[in-house]
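Letters go in sequence order (proteins before strands), and every chain restarts at 1.
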Amino acid sequence: MAETTNFELVSPEKLLISQPVEMVVVPGAEGYFGVLPRHAPLISTLIPGVIQIYEGGQIKERIFVAGGFAEVTEDRCTVLADEAIPLAELDRAAIEQRLKDQKEDLQAAKTDAEKAALQEKIDVTNAMIRALETGH
Amino acid sequence: MPSLKDLRNRIKSVQSTRKITSAMKMVAAAKLRRAQEQAEAARPYAERMERMLASVAGRLQGASGAPKLVSGTGKDDVHLVIVATADRGLCGGFNANIVKAARLHIRRLLADGKTVKILCVGRKGRDSLRREFRDKIVDMVSFAGQKRLTFADASGISVRVAEMFEAGEFDVATIFYARFRSAMAQIPTAQQLIPVALPEITAEQKADDKTGPQALYEFEPDEESILEALLPQNLAIQIYKTLLENAAGEQGARMSAMDSATRNAGDMINKLSQTYNRQRQANITKELIEIISGAEAL
């Protein structure tokens, strides 16, 4: 077994994953970045995207996150996700329906604050669809 | 002196009360377990959030450009008091204790000449504060009829509070809730939400951290934007935490209240049955005396 780093994925409602991994790729605000053991300490915000957990050079698990924060130190990587769903559990039809609803809401929105909040939601939904199509 | 029939009715009604309270106790016990599990599950996120916040804030300490959520508005005139209570009663002194603590705080602020705004979370708090501070209550949030409290609920409150703060509607925000110590004890507590009391990096944590000084972290995009995103999230998680503790405390308080109600009903039934039996015996004796004295008179 290769060297590992402790990966933790936490949502506000519970601790989702806590396991040693060989490599994990995280959707950082300034681009996806891979975390290997002995990575330089880093704190980053996340954009909606997919976390990929690697084992033996292969992607073992893909998890969609709607945003959040990542803290990396030499021996661990902690992701605080706003919302995390394994990619396999995303339902294409439901997401497209949601996107349609949100776009309608956006049309109906009046204040700028409302529009901005809705636009953010649409971005997340779009990211979900992209994740389903391309895997990241 | 109540008649035998009255006593019989009375005993029957206390018996059915006891049935209800003991059922409520069992329901509360089950709900308490669930609420505790939920609170337990939320802990890892809060802990890690705190650690991250400490690292980021450690870098910014003393910096002039700190966000308002940390530094405050520089004033202390308008206070927002968030009173988190249950939506339902029948849980002993739970709601009353929180409200009492909040009321004392509000009165003190008013005496100091501050302006107070009240945001009630949970119906019971509003019901009892309405009498004294009707004009100060800005809004009420209630989760009545909802089975489970979700993070989205807490997040909604936090967004509102943050918006009000951005709009300059208050300077200091404090939340009143009951800290859950055990099923028996809930301690009314005040926690300041805005400006945020940043966690200090303790010497112990520093020693723990193999990476050495916190300044070694790299930040993407940069400290300010991370802090700006972290703080509202932290606000939401703090509110979420207090609400979960409240939910667990409410069920705990209800459980012990219903337990003593059940016991009191039992005592009362014993006492009433004793009176009933005495009365019945007295009646029998009285009738016997009447018969005997009637026979003697002949």
With side chains defined as the heavy atoms from C-beta onward, is the minimum distance between [X] and [Y] less than 4.5 Å?
X	Y	result
B:Arg51	A:Thr78	yes
A:Thr45	B:Ser225	no
B:Met52	A:Leu80	yes

Exercise for review: Using heavy atoms and a sub-4.5 Å threshold, report which of residues 32-43 of chain B line up against chain A, by residue number.
Suggested key: B:Ala41, B:Ala42

Check your understanding: For chain A, which residues from residues 179-190 of chain B lie under 4.5 Å away (heavy-atom distances)?
Key -> none

Practice item. Flag yes if more than 12 heavy atoms outside B:Lys136 fall under 6.0 Å of its NZ atom; otherwise flag no. Key: yes

Practice item. Pick one of side chain, backbone, both or neither for A:Ser11, based on which atoms fall under 4.5 Å of a heavy atom in chain B. Key: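 For A:Ser11, the backbone is the part near chain B, not the side chain.
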
**Study point:** chain B contact via A:Ala81 - side chain, backbone, both or neither, heavy atoms under 4.5 Å
**Key:** backbone

Exercise for review: Using distance alone, with no hydrogens and no angle criterion, decide if A:Glu13 and B:Tyr45 have a side-chain donor and acceptor under 3.5 Å apart.
Suggested key: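 B:Tyr45 and A:Glu13 do not have a side-chain donor-acceptor pair below 3.5 Å.
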
**Study point:** A:Val10/B:Met49 under side-chain contact (heavy atoms from CB on, under 4.5 Å): CA gap, chis, key distance, verdict
**Key:** CA-CA 10 Å; A:Val10 209; B:Met49 171 68 82; over 6 Å; no

Point to revise | Residue part contacting chain A, namely of B:Ile226, when any heavy atom lies under 4.5 Å | key: both

Review point. Where does B:Leu244 contact chain A at under 4.5 Å (heavy atoms): side chain, backbone, both or neither?
Key: neither

Check your understanding: Where do B:Tyr217 and A:Thr73 land on the side-chain contact (heavy atoms from CB on, under 4.5 Å) test, with the steps shown first?
Key -> CA-CA 8 Å; B:Tyr217 275 107; A:Thr73 66; 3.2 Å; yes

Please report, to 0.1 Å, the donor-acceptor pairs under 3.5 Å made by any side chain of residues 98-108 of chain A, with sequence neighbours excluded.
unit_1: A:Asp101; atom_1: OD1; unit_2: A:Gln97; atom_2: NE2; d: 3.1
unit_1: A:Gln102; atom_1: OE1; unit_2: A:Thr125; atom_2: OG1; d: 2.7

Which pairs would a plain distance check flag for residues 151-162 of chain B, meaning a side-chain donor or acceptor within less than 3.5 Å of a matching protein atom at least two apart in sequence or in another chain?
unit_1: B:Asp153; atom_1: OD2; unit_2: B:Gln146; atom_2: NE2; d: 2.6
unit_1: B:Asp153; atom_1: OD2; unit_2: B:Thr150; atom_2: N; d: 3.0
unit_1: B:Asp153; atom_1: OD2; unit_2: B:Thr150; atom_2: OG1; d: 3.3
unit_1: B:Arg160; atom_1: NH1; unit_2: B:Asp139; atom_2: OD2; d: 2.2

Point to revise | From CA spacing to verdict: salt bridge (charged side-chain N to carboxylate O under 4.0 Å, His left out), B:Arg48, A:Glu8 | key: CA-CA 10 Å; B:Arg48 285 168 183 84; A:Glu8 282 181 307; 2.6 Å; yes

Check your understanding: Got a second to check how far B:Asp222's CG is from A:Ile43's CD1, nearest 0.5 Å?
Key ->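 Answer rounded to 0.5 Å: 12.5 Å.
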
